[in-house]
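Each remark here refers to the structure printed beneath this line.
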Amino acid sequence: MAFSGEHSFRMKALESELFQFRIGELATMTGASTRQLRYWESKGIISSLIREGEQEARVYNYKAYVTVASIKQFLDEGYTLQGAVKKTKEYQKNWHVLHEVIRHSVQGMAVLNNAPAVDLGFFDEDKTQRLYAQIDENNKVKYTVQPWDDDSTRIE
DNA sequence: GTTCTGACA
DNA sequence: TGTCAGTA
């Protein structure tokens, strides 16, 4: 059966400089208060992007989000701020592994057998097969390896 | 309406 | 850390 993928879009890097938010949004996203975010920044635990003046609104990037989300999680688990920061730093050393795997794996959406699928990229070194993930009626993830067809319609 | 800094509890 | 004040 020939592969008939219809790639609707390609995911841009999560760390894109376009992926930014202000303190209120970051607070909502992570559950941390704006007071905490400012306090942590004053302690050098987190950092926002460079501001023109002190009165300018803070802008955070994806890295700040991941850091805050991690600290907040450990805080909720009962760690002190100091402990949560320590834990976060320990994991932070290895985040590049998760980051690279995700960046190289999830390449976008595709349509397989008339059903939505996540394009997980090439399955083999020779780049002849591609891995796709789909979910069934019970939301269980199913993986499918399909021969890569260079002639398939693709939107870059 | 949102964010900023500083101050008080 | 929450909250309120007075700004920008």
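Here is the naming used below: chain letters follow the sequence lines, and residue numbers restart at 1 for every chain. Hydrogens, waters and symmetry mates are skipped; everything else that's a heavy atom, side chains included, is used.
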[X], nearest nucleotide to its side chain (from [options]):
{"X": "A:S33", "options": "C:dT1, C:dG2, B:dT5", "value": "C:dG2"}
{"X": "A:L81", "options": "C:dT1, C:dG2, B:dT5", "value": "C:dT1"}
{"X": "A:A57", "options": "C:dG2, B:dT5, B:dT3", "value": "B:dT3"}
{"X": "A:R58", "options": "C:dG2, B:dT2, B:dT5", "value": "B:dT5"}

Are [X] and [Y] side-chain neighbours, meaning at least one heavy-atom pair lies under 4.5 Å?
{"X": "A:L120", "Y": "A:V106", "result": "yes"}
{"X": "A:F19", "Y": "A:N61", "result": "no"}
{"X": "A:L81", "Y": "A:I45", "result": "yes"}

- prompt: Given B:dA9, is OP1 or OP2 found less than 4.0 Å from the side-chain N or O atoms of A:R35?
  reply: no
Rounded to whole Å, please give me the gap between [atom1] in [X] and [atom2] in [N].
{"X": "A:L75", "N": "C:dG2", "atom1": "CG", "atom2": "P", "result": "10 Å"}
{"X": "A:L37", "N": "B:dT3", "atom1": "CG", "atom2": "C1'", "result": "12 Å"}
{"X": "A:Y60", "N": "B:dC4", "atom1": "OH", "atom2": "C1'", "result": "11 Å"}
{"X": "A:Y39", "N": "C:dT3", "atom1": "OH", "atom2": "P", "result": "17 Å"}
{"X": "A:W40", "N": "C:dG2", "atom1": "CH2", "atom2": "C1'", "result": "14 Å"}
{"X": "A:R38", "N": "B:dT5", "atom1": "CZ", "atom2": "P", "result": "7 Å"}
{"X": "A:Q82", "N": "C:dT1", "atom1": "CD", "atom2": "C1'", "result": "17 Å"}
{"X": "A:K43", "N": "C:dT1", "atom1": "NZ", "atom2": "P", "result": "11 Å"}

A:R51 side chain to A:E56 backbone, donor-acceptor under 3.5 Å: yes
message: Can a donor-acceptor pair be found, under 3.5 Å and without considering hydrogens, that links the side chain of A:Q134 to the backbone of A:L112?
response: yes
Any strand: nucleotide that pairs with B:dT2 via Watson-Crick or wobble, under 3.5 Å: C:dA8
task: Classify the side chain of A:R22 and the base of B:dT3 as holding, or not holding, a donor-acceptor pair under 3.5 Å.
output: no
